[in-house]
Structure formats: structure tokens, C-alpha cells
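Here the structure comes first, spelled out in C-alpha cells, and everything after it is commentary.
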Amino acid sequence: MCAGTEKKGGDSAMESYELYCLADRRFYDTPVNRGDEHPDFALCDRPIPDGWEHVPGEMWMHYAPADLVLPGQGWKIHVSAGLADAARTLDAVWEYCVPRGIAFKFLRNEPVLVMVNSKSAPRGSSGKLVTIYPADEAQLELILKELDGILQGVRGPYILSDLRYAEGPLFVRYGAFVSRYCLDPAGERVLALEDDQGRLVPDNRSPTFTTPPWTTLPSFLEPHLEARNSVTTNELAYTIDGVIQFSNGGGVYLGHHNETNARVVLKEGRPLAGLDMGARDAVARIGHERDILQRLEGLDVVPKVHDYFVLGDHHFLVQEFVDANPLQRELVRRYPLTHPHTTEAELAEYAEWAARMVSDVQRAVGELHDRGVVFCDLHPDNVLLATDDRMVLIDFEVATLAEEQARSALAHPGYAAPSDRQGPDVDLYALACISLGLFAPQATMLLHLHPGKAFQLADMVTERFPVPRATIDEAVRTIVGPDVTSDPEMESLALPGRADWPAVRDALTKAIVASATPERDDRLFPGDIAQFQPGGGTNIATGAAGVLYALAKTGAGRFPQYEEWLRDHALSTDTGPGLYDGLHGVAHVLGELGHRQDALDVIDRSLTDEFHLRELGLHSGLAGIGLNLLHFSADEPGLKTKAVRVLDLVADRLGDVTDVPELSGEGKPRAGLMYGSSGPALLFLTAYEQTRDIGLLDLAETALRQDLRRCLRTPDGMLQVNQGWRTLPYLEEGSAGIALVLDRFLRHRPSEELAAELAALRLVTRCSYYVQPSLFMGRAGLLLTAAGLGDSTDDLIRGLGWHALPFEGGLAFPGNQLLRLSMDLATGSAGVLLALGTALHDAPVSLPFLGPPQWSESPTRRSAPEEV
């Protein structure tokens with residue numbers, strides 16, 4: 001599905017991004033740069049003890065004696081504490097660890113503590129305030145015994161990945177003390193442990209306590225494991241049959257009553273976990289939800305309450321089971337603009353259904369308001385459409401009483417009312433967002449960046465759908481306020497498909513340049529949160545290299561001061577050798593900008609890497625590394641030897657077509673251009689174009705067929721990458737990237753069978769709506785693909801208007817998750833600029849190595865990898 005709006009239950013994809021929204025309202029930024037609004041814990045200001053080292057991080061403050069030598073892995077202690085006990089706990093840990101020379105780290109401030117314990121936070125790492133690193137098991141036991149007494153009375157959330165020690169806030173887990181890496185079964189590079197044979201294996205960090213098979217639980221911890229296992233559901237009046245979803249606040253389970261066999265939903269609340277903006281935990285919210293539902297008893301638009309009980313400190317609300325689908329899922333199923341050939345009749349049918357849904361939601365919300373209740377968390381995932389045509393609202397954890405005139409403490413960012421709305425107006429705002437969002441899925445996420453965007457969304461909705469203008473205008477007035485009639489900034493934007501190419505390019509460039517922060521060392525242009533990883537601020541995907549590449553390639557200009565920043569920072573970060581996330585990408589761009597010696601210096605640094613521990617893909621792995629080595633090897637014979645070695649490694653590890661499963665991701669090797677087999681195929685094709693060795697073309701075909709094996713043909717004829725629970729059309733991990741490489745392959749080796757597959761792959765560029773505008777995982781990538789394949793691009797260009805926003809007098813686009821603006825290549829405005837350049841610029845524009853192929857004249861047979 002082109003829109004990509006469906007999400008898999010459980011943890012939200014936004015969970016990490018919300019942490020990087022704390023510091024800046026326009027751009028993702030590290031929590032360190034949050035300003036004076038949220039100061040660090042007082043402990044951060046203590047003088048560093050003599051003989052100690054201190055390393056501050058975005059989230060963690062690390063302390064260790066300078067001469068301490070710890071093992072690479074072992075049993076570590078985690079200390080959990082709620083907000084009320086955090087300061088006391090930190091002081092106690094400092095006073096205990098520093099005199100004894102014990103290494104430790106702690107979360108640096110309260111906002112970070114709230115975020116890692118929030119409802120959407122990753123369950124595997126939530127709850128941890130402090131990590132302590134014992135030197136051995138004897139010290140582990142001593143620390144636990146002594147700290148258990150010191151921290152009596154401290155309460156914190158249960159750390160799901162760990163074993164709890166006694167009844168206090170101490171937890172233990174076996175894991176890595178230092179960062180080492182290996183390839184997991186899916187071929188991804190992950191954090192590693194060393195097993196009893198000296199091999200590096202994945203460090204499992206799931207939200208369940210486990211011990212590696214080669215380790216033994218220390219005997220003094222065995223009673224604590226027994227205590228943990230003694231809590232069961234055997235004595236409950238209910239049997240849990242399955243999981244509907246997990247959040248950090250607890251699970252939502254499908255079950256049945258043991259005596260009546262009636263199906264029920266059990267909603268769990270974990271104490272001190274799943275915090276909202278009001279610092280309420282899941283237990284407080286689930287009790288509150290029970291009270292609200294009891295107040296609404298008798299209404300058909302809410303589930304009935306059956307029971308409420310406590311098990312092992314966890315609270316459970318038992319509700320009526322409603323056989324239904326969320327409105328969001330039904331939207332994804334019906335939305336017509338995610339199909340390549342949409343008729344006017346289909347648009348009219350959808351518009352009629354959407355209008356009926358808005359009316360039904362409005363009626364349901366009105367019934368709540370009549371009872372004096374404000375929902376405060378209205379969005380399509382919280383609206384159920386039952387099989388008997390009943391509409392039911394669910395998830396009343398943050399509902400309020402109308403008389404309180406309150407704001408929501410935990411709302412979906414695409415439907416959260418601004419601070420000037422209280423009480424029932426909070427729901428009316430969300431209802432207006434639903435009115436727009438059913439026609440422009442997820443686009444209401446942009447309203448918190450620029451409320452006036454609602455005017456343009458209204459124009460685009462009514463241009464595309466036969467929906468009454470008065471209906472949409474009413475929703476817009478609710479969103480922007482009755483006294484606001486227009487938005488001059490939106491009206492003056494040079495929009496793609498409406499303004500000419502030079503004007504659009506100038507507007508994008510103006511915004512990108514206005515965002516630059518050359519005074520910072522971690523990044524030059526604001527982008528995705530990945531730029532705060534080592535090397536992320538310099539690389540092609542999220543860093544300065546990609547932005548400068550797009551500006552130069554599209555004729556937007558050269559910026560010597562920014563190129564100097566990149567040259568100065570190219571070698572100063574500890575990063576890997578990857579093409580899109582590391583040194584080879586930086587080197588490639590430096591070479592393209594004319595700084596060849598700088599490029600060679602960066603490549604030289606990359607050659608110390610152990611290539612055999614790298615994945616195969618184009619983004620971070622051997623395919624991208626090999627392509628760049630081939631690129632520079634024409635004048636550098638030493639690099640040709642390295643390129644041949646990488647090519648051999650990829651050929652040896654590629655396998656046969658059936659060696660990959662039929663699904664992509666979810667613990668299996670991923671398909672597509674950036675992480676799948678299309679990256680190696682591009683490497684083999686490029687090497688073939690240089691050597692005319694037919695054996696390389698054979699390898700390219702095998703790689704492409706591996707990716708095609710992981711594709712699914714949809715009912716409307718599109719071929720998309722199949723993840724089992726969704727299909728993907730995108731450039732990074734989807735149909736589009738495969739199509740570009742397959743098209744290049746077919747120029748060298750025509751095949752009717754593969755040409756038919758290409759025709760089905762390229763259909764994804766003919767849809768009218770994509771949830772994100774980005775190059776890697778959005779519309780811009782489809783635009784780049786269509787331009788590269790020679791297909792029509794007009795609709796794709798004009799459709800960029802769905803996500804266009806003003807910034808400092810220029811044109812900008814939101815990044816991944818649509819929560820903040822981004823200027824980088826992979827997720828933001830530079831990627832949109834490059835994609836537009838592939839379609840509109842008067843000189844050839846492409847991503848590295850995706851330009852026109854070099855035709856082979858005299859093919860030869862490659863008998864062995866080393867003969868390249």
C-alpha cells in the first residue's frame with residue numbers, strides 16, 4: 001500500500017523520535033540542547049572525583065575511575081526509580097560507588113527520565129535510571145546486598161529485561177560493558193556478546209529476562225528468579241488467549257472468562273511505568289479509565305466494564321470485547337489514492353464513506369459530552385468500527401470532565417489540540433483533524449509545525465475528492481480559529497508543480513541555508529535523529545555530505561564555508577565505513593566537490609575496518625563500500641585490490657535465490673536497495689560495466705531475484721516488498737529501489753519475464769498519495785525512481801504540496817515521522833531537492849552510482865571472483 005499508513009501493534013515507531021522533540025519545536029535535536037527550561041539533575045554539577053573520568057552523553061552521564069579495567073561483558077546492575085525518588089537515588093548511588101571505585105552511569109535529567117518511562121518508550125530499556133558495572137560476581141553480590149539496604153523505600157518501574165533483586169529498585173542482567181558488533185541471522189550489524197567459544201553473537205535486549213546459554217545464573221540470584229516465576233495467572237477468573245498490543249504502560253490482551261467463556265479484553269497497567277505529560281503512571285490512568293467508563297455506563301459508543309483486579313502490583317481493567325477494526329485500519333484498506341488507477345467513482349464512494357465516518361464520530365463524541373466527559377485522545381486508532389455497524393470509542397486513560405476545562409496529557413501528535421483549547425474544544429479540534437485526515441492520512445501531523453497548513457490541505461482535498469467545500473472549511477476554522485481567514489506564508493510558497501523549477505530550487509535552498517549551524521560540531525544541517533549517532537552529522541544520509549551533494553548536483557550552488565565544515569569534520573568522528581552512514585559516503589561527496597585528497601584521506605581511514613563483519617547492503621555495508629572503492633580505483637591501483645576483496649566477500653556470501661525467505665524484515669534479511677540484495681546487484685552491475693565479465697551479470701541476476709522473491713503482487717497489479725503485515729513501495733526498502741536496479745540490469749540482459757516484473761514494480765510510482773515526502777521512505781524516492789525510469793513525474797511533483805511547509809522565507813519538508821522539519825538527504829528537504837532535480841534539472845542528477853550505466857561492448861565469462 002503506497003500510503004504506508006498501517007502500523008503494527010505494540011511499540012510505536014515514534015518512540016525514539018519523541019525524545020528528540022524535547023529541545024526544539026521545529027527540528028529534531030539532542031536533549032542536551034534543551035536550554036534552561038529543563039536543567040540536568042543536580043548531581044551532574046558535582047565536581048568530577050580525582051582520578052575519575054566523566055563522559056557526558058545525550059541521555060547518560062558516564063563515570064569511571066581512570067585506571068579501572070572492566071571485562072567486556074558481565075552482570076550489570078540497573079537501578080530503577082520514579083520521579084519522586086530520583087534525586088535521592090542518584091545521591092545514594094554516587095555516595096556508594098565513588099568511594100569504592102565502581103563505574104556507573106545515570107540519566108541526566110528529568111525530561112529524559114519521563115521520556116524513557118513514557119507509554120511509547122521501548123519496553124526493553126524502560127525503567128533504568130542508573131547502570132552499575134561490577135568487576136565480577138563477588139562484587140555484584142556485595143553491591144546488591146548493600147545497596148538494597150541503602151535504597152529501602154525507593155520505588156521505580158519494573159525493568160522487564162532484567163531480574164529483580166528482592167523487593168526493591170535493583171535489577172540485574174547479563175550483557176555487554178563495551179560496544180562490540182556482529183551480524184545477526186538477518187544479516188544486520190548489531191551489538192554483540194562473546195560466547196564461550198570466543199565468537200561474537202547478538203546481545204539479546206528484548207523485554208524479557210533471559211541469560212545467554214553459556215552463562216550460569218549466580219546461585220545467590222536463584223531465589224529471586226524463583227520469586228519472579230511464582231507470580232502466575234493460574235488463579236485468575238480469566239484466561240489470556242493472546243496479545244492485542246504492548247506498550248510500556250502494559251499490555252492489552254484478548255481473553256475469556258473461565259466460567260462463562262465470554263470473550264473479554266484485559267488492559268494492564270504497570271506501576272510507575274507508561275508516564276504521560278502529567279507524570280501519571282499507567283496504574284493511575286487505568287484506574288481513571290475505569291471510573292470514566294463507569295460514568296459512561298449505558299452508552300453504546302463505549303465498551304462495558306466487567307471487572308478490575310490487581311496481580312503482582314499490576315492492575316487489570318477487564319472490558320467488553322468488541323469485534324471490530326480500528327477506523328485507521330479501515331482507512332488504509334479503503335483509501336483510493338494509494339492505488340495506481342483510481343476512478344472518479346471510487347473517489348466519490350470513498351468521500352461518501354468518509355463523510356459518514358465523520359458524522360458517526362461526531363455523534364459518538366457528542367454523547368460523551370452530554371455526560372460531561374471529554375475524550376482528550378480522539379484519533380482513528382481509538383475509534384472501532386464493529387461488525388454490527390456499531391462505532392465504539394476506546395482508550396479513556398486521559399479523558400477528563402468537561403467542567404475541568406483540562407488539556408489532554410497523552411494525545412496523538414496528529415490530533416493533539418494546541419494549548420489554547422481546553423475542555424470539549426480539545427475533542428472538537430481532534431474531530432476537525434479527522435475530517436481532514438481521512439482525506440490526507442497523517443498530514444494533520446504538520447499542523448503543529450504550521451497551523452496555516454490547514455488552508456492548503458483543504459484546497460488539495462477538495463481538488464482531489466468530491467467533498468463539499470463548506471464541510472472542509474468548517475474543519476479548517478476549528479483548527480486555525482474563527483478569526484483566521486488565510487495564511488500568507490503558505491500562499492507565497494513556491495510549490496513544486498505550481499512554480500517553475502528555478503523558483504522551487506531557490507526556495508528549498510533558502511530554507512536549507514537558513515537552517516545551517518556551522519558553529520556546532522555535531523551537525524551542520526538539522527535532520528533525522530540518526531545524525532546524533534557517530535558520524536551522523538557528516539554522512540550522506542543524514543549529514544552535511546548529503547545536503548551539499550544535493551545542492552551541488554541540482555545547480556543550487558556551492559557553499560565553500562559549508563564544504564570547509566565538512567572537510568574539517570570528516571575525520572574527527574568515530575564512524576563506520578558505510579556509503580550512506582559513514583566514511584565512504586563522505587569521501588565520495590568530497591571527491592565530487594573537487595576535494596580529492598581529502599577524499600583519499602577519508603578512504604584511507606576506512607581501510608582499517610574489518611570488512612567481513614559488515615552487512616552486504618548498500619547503505620552501511622559491503623555493496624556501498626565496494627562501489628566507492630571501484631569509483632576511486634581508476635587512478636588508485638591499491639584501492640582496486642581492496643575493491644576486488646570486497647567484491648569477493650559479497651559474491652561468497654550472496655547465496656542462491658532461495659536462500660532468502662519470502663518475507664522481508666521482522667527478524668529476516670531485508671529486501672530493497674539500501675539493505676537488501678539490490679545493493680549487491682548494483683555493485684555487480686557496476687563491476688560488470690567496468691570489466692565486461694558476464695559472471696558478474698549472473699551474480700547481479702541472482703541478487704535481484706532474491707529481492708523479487710520477497711515481493712508480493714497486490715490486487716491492483718503492483719509488486720511491493722512483502723513484510724507480512726504490510727507491503728512497501730519505497731526507495732530504501734521497497735519496490736522503487738529494486739525497480740531502478742532491475743531496469744539497469746535489463747539494459748544489459750533483456751528478459752521478458754523480468755521486464756514484466758519491472759512493469760509491476762514501477763506501478764508504485766503512479767499512486768497519488770504517500771504518507772511522507774522523503775527520499776528514502778516517501779514520495780521523493782518515488783519521484784526519483786519515476787524520473788530514472790523515464791516515466792511521467794508531473795503528479796508526483798505536484799503531490800509534494802501535501803507536505804510542503806514554509807521556513808524562513810523558503811520551502812521546507814518534514815522529516816521521518818512528520819514531527820519536525822528536516823533538511824537532510826534521506827528524510828528531508830535536501831532529498832526532495834535532489835529528487836526534483838532528477839526530473840527537472842537540465843543536467844543529469846542521481847544518487848551516487850544510480851546514474852546511466854556504462855554499456856559493455858565485449859562480454860567475457862567470469863570463472864572465479866578473484867579474476868576481476
Side-chain angles (χ1 to χ4, degrees), residues 8-13 15-16 18-19 59-60 75-83 85-86 89 105-107 112-132 144 151 154-176 190-191 193 202-212 215 217 221 224-233 240 242-253 266-276 280-286 310-316 397 667:
K8 195 170 184 181
D11 296 334
S12 167
E15 57 200 15
S16 299
E18 290 178 346
L19 178 66
M59 294 175 55
W60 296 94
W75 290 96
K76 60 179 73 173
I77 299 170
H78 292 122
V79 186
S80 174
L83 293 173
D85 292 322
T89 301
K105 68 178 181 180
F106 59 87
L107 294 178
V112 172
L113 176 59
V114 171
M115 190 60 63
V116 300
N117 288 316
S118 68
K119 184 176 181 179
S120 62
R123 298 166 62 237
S125 58
S126 180
K128 302 168 185 175
L129 173 63
V130 181
T131 303
I132 299 172
L144 287 169
L151 297 176
V154 170
R155 297 180 66 242
Y158 197 102
I159 300 174
L160 297 174
S161 61
D162 290 23
L163 174 64
R164 187 178 193 175
Y165 180 85
E167 298 297 323
L170 302 178
F171 297 78
V172 296
R173 173 187 174 271
Y174 189 93
V190 296
L191 289 166
L193 292 171
D203 183 4
N204 178 23
R205 301 193 173 197
S206 67
T208 304
F209 175 68
T210 58
T211 56
T215 62
L217 186 72
L221 291 176
H224 306 282
L225 181 60
E226 293 173 2
R228 175 184 180 273
N229 293 338
S230 67
V231 179
T232 70
T233 61
I240 293 177
V243 177
I244 297 175
Q245 70 173 28
F246 280 121
S247 76
N248 190 39
V252 180
Y253 308 96
L266 298 94
K267 191 169 183 181
E268 176 188 23
R270 297 176 54 221
L272 300 173
L275 302 181
D276 60 25
R280 295 188 307 167
D281 68 1
V283 167
R285 287 198 310 276
I286 206 169
V310 180
L311 177 67
D313 292 334
H314 290 213
H315 289 229
F316 289 83
E397 293 183 1

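All values below were derived from every heavy atom in this structure, side-chain atoms included, with hydrogens, water molecules and symmetry-related copies excluded.
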Does any part of the side chain of [Y], heavy atoms only, come nearer than 4.5 Å to the side chain of [X], both counted from C-beta?
{"X": "Arg173", "Y": "Arg205", "value": "yes"}
{"X": "Lys119", "Y": "Asn248", "value": "no"}
{"X": "Pro169", "Y": "Arg155", "value": "no"}
{"X": "Leu107", "Y": "Lys128", "value": "no"}
{"X": "Arg228", "Y": "Arg164", "value": "no"}
{"X": "Asp85", "Y": "Leu129", "value": "no"}
{"X": "Phe209", "Y": "Leu225", "value": "yes"}

Practice item. Can you label the angle between the Phe246 ring and the Tyr253 ring as parallel, tilted or perpendicular, going by 30° and 60°? Key: perpendicular

Review point. Going by the angle between their ring planes, with limits at 30° and 60°, are Tyr174 and Trp75 parallel, tilted or perpendicular?
Key: perpendicular

Check your understanding: So how far is it from Leu275 CG to Leu113 CG, rounded to the nearest 0.5 Å?
Key -> 7.5 Å

Say whether, by atom type as modelled, one donor and one acceptor occur between the side chain of [X] and the main chain of [Y] under 3.5 angstrom.
{"X": "His224", "Y": "Ala166", "answer": "yes"}
{"X": "Arg285", "Y": "Gly274", "answer": "yes"}
{"X": "Ser80", "Y": "Pro157", "answer": "yes"}
{"X": "Arg270", "Y": "Ala282", "answer": "no"}
{"X": "Asn117", "Y": "Gly127", "answer": "yes"}

Which heavy atom in [X] sits nearest to a heavy atom in [Y], and how many Å separate them?
{"X": "Asp281", "Y": "Leu272", "answer": "OD2-N, 2.7 Å"}
{"X": "Ile286", "Y": "Gly269", "answer": "CD1-N, 3.7 Å"}
{"X": "Val154", "Y": "Ala81", "answer": "CG1-CB, 4.0 Å"}

**Study point:** Sole candidate of Leu144, Ile77, Leu170 that passes side-chain contact (heavy atoms from CB on, under 4.5 Å) when paired with Ile132
**Key:**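 Running side-chain contact (heavy atoms from CB on, under 4.5 Å) over Leu144, Ile77, Leu170 with Ile132 returns exactly one hit, Ile77.
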
Exercise for review: Starting from the C-alpha separation in whole Å, work towards a yes-or-no answer on side chain to side chain contact (heavy atoms under 4.5 Å, CB included) for Asp276 and Glu397.
Suggested key: CA-CA 10 Å; Asp276 60 25; Glu397 293 183 1; over 6 Å; no

Review point. Between Phe171 and His78, does the ring centroid distance fall short of 6.0 Å?
Key: no

